[in-house]
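If you read the sequence from its start, that first residue is 1, and numbering goes on from there. Predicted, not measured: the structure shown is a model, and the values here were computed from it.
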Amino acid sequence: MEQLETRRFAGIDIGKDAVHLSVYDEGKGEMTEETFPLQESEQEDYIDSGLCYILRYMEANQVKWEDYHGVYFTMEDASKGCRDHLTELLDADFKKRHAVNIMTRFRAFVEYVFHQERAVWDRNTLLLDYTGNILHYIQVEQIRSSRQKAYRAVLREIDLEQYDIGREDENKDYNFSRMIKQFLVKHPAHIIFLTGEGFEGNWMRKTLTYLCAGRRVFMGQNLYANGASLYGTGTIPFMEEGMLLLQGPDMVYHTIGVTIQENGKLKYVPITSIGREWYNTKGSIDIILDKSQKVEFFYHNTKENEMECTSCEIKDLPSRPPKTTRIRIQVEFTSDTEGVILLKDMGFGTMFPGTGKVTIFPFKLIS
């Protein structure tokens, strides 16, 4: 019997010191991980260097882009310049087969957590990323323990110099363990993940003893790449339902929507969803105008649970009977709180053809 083809998803994390590759085989439920450290001479253009390592690995293992059902990137620096640079470096063969999907490390870790068994994310979970002399941490916590649970992920950082912690300090373990005890009193967690070059070596005797006391602790350098690859298997239900708030760089925590009549009642229908970077957030919907040529938009701030309403008047439409004008609404973000709404006149079939006229409506969300 011919073996069924299973989907494979690649997650690629591009850092300034190393590039990490994770491949998830959905059929086997297995993750394959590879790490390629960058030499100092390769770090000036680490994005190009990291991508070259991935291509050499694929060539040596006779793997092609077409062998992956999806490829997802995460970057240490996901600024526009770095995203554009990576996009330019990817060749035509890649772009022919895949969209260029780039996410922040913050989101990639949250994707990793919520693609695990319930025991991992249903209680407070913590990531400690020790890079340079900065400790970045991501805390995933339950913020509503009712029947319909809700969760929040927050990214923060700690400058370790204020705790007298140096990279080569002989008292590093003692000072770090003392700091982490104070930290975990304020930020309790049942599961802790460790990543970053700062945790490498054998210096963490006191620190590990305390971290592992009544907690599950995991260490790995491929966590972000793992999360990126798992993203391809499907979206997180809590995120789609608006029950997962991500408070990190570039993340959108507003929805933009309209109201429609359903069974005689007004219903809010979001056009965009939360939980994604602003450059990955967009949406579209078609609506039918009644008598008015005005469209009302509702901006829902899920962080503060606030709603703001604004309206856009579509001018110069042909004279048509009520409910014979279909408007296609497209929402695009230009930052985490700003963007543009495009309203295109689609008409209504052959009897009332659309003009194709586009109304541009900029927006600025509740901060």
Could you check, using the six-membered ring where one of them is a Trp, whether Y210 and F176 have ring centers closer than 6.0 angstrom?
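Between F176 and Y210, which both carry aromatic rings, the centre distance is not below 6.0 Å.
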
For the rings on F9 and Y231, is their centre-to-centre separation under 6.0 Å?
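No, the ring of F9 stays outside the 6.0 Å limit from the ring of Y231, centre to centre.
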
Side chain to side chain donor-acceptor pair (under 3.5 Å) partners of D164, counting only residues at least two apart:
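Partners of D164 by the side chain to side chain donor-acceptor pair (under 3.5 Å) criterion come out as none, since no residue qualifies.
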
Listed by chain and number, what are the side chain to side chain donor-acceptor pair (under 3.5 Å) partners of H300, not counting sequence neighbours?
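H300 satisfies side chain to side chain donor-acceptor pair (under 3.5 Å) with N305 once adjacent residues are dropped.
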
Check E277 with R107, please: is the shortest side-chain N to carboxylate O separation under 4.0 Å?
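Between E277 and R107 there is a salt bridge, with a charged N closer than 4.0 Å to a carboxylate O.
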
Between D173 and R178, does any NZ, NE, NH1 or NH2 come within less than 4.0 Å of an OD or OE carboxylate oxygen?
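Salt bridge flag = no for D173 with R178.
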
Identified side-chain contact (heavy atoms from CB on, under 4.5 Å) counterpart of E111 within the set T74, T233, L230, I236
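Filter result, single survivor: I236.
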
Side-chain donor or acceptor of [X] paired with backbone N/O of [Y] under 3.5 Å:
X	Y	answer
Q330	L343	no
W203	K172	no
E76	K16	yes

In this structure, are over 12 heavy atoms from other groups packed under 6.0 Å from [X] atom [atom1]?
X	atom1	result
R56	CZ	yes
E170	CD	no
K357	NZ	yes

Go through the structure and list residues passing ring pair (Phe, Tyr, Trp, His ring centres under 6.0 Å) with [X], not counting sequence neighbours.
X	result
H98	F94
F193	F109, Y112, F218
F183	Y137, H187
Y174	none

Set of residues satisfying salt bridge (Lys or Arg N to Asp or Glu O under 4.0 Å) with respect to [X], sequence neighbours excluded:
X	answer
E262	K267
R328	D286
D25	none

Distance-only donor-acceptor hits, side chain of residues 292-299, under 3.5 Å, sequence neighbours excluded:
from, atom 1, to, atom 2, distance (Å)
S292, OG, K294, N, 2.9

Give me the other members of the hydrophobic cluster that F348 sits in, counting Ile, Leu, Val, Met, Phe, Trp and Tyr linked by side-chain heavy atoms under 4.5 Å, directly or via other members.
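In the cluster with F348 are I288, M351, F352.
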
According to salt bridge (charged side-chain N to carboxylate O under 4.0 Å, His left out), does anything in residues 31-47 pair up with another residue at least two apart or in another chain? List the pairs.
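Qualifying pairs: none.
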
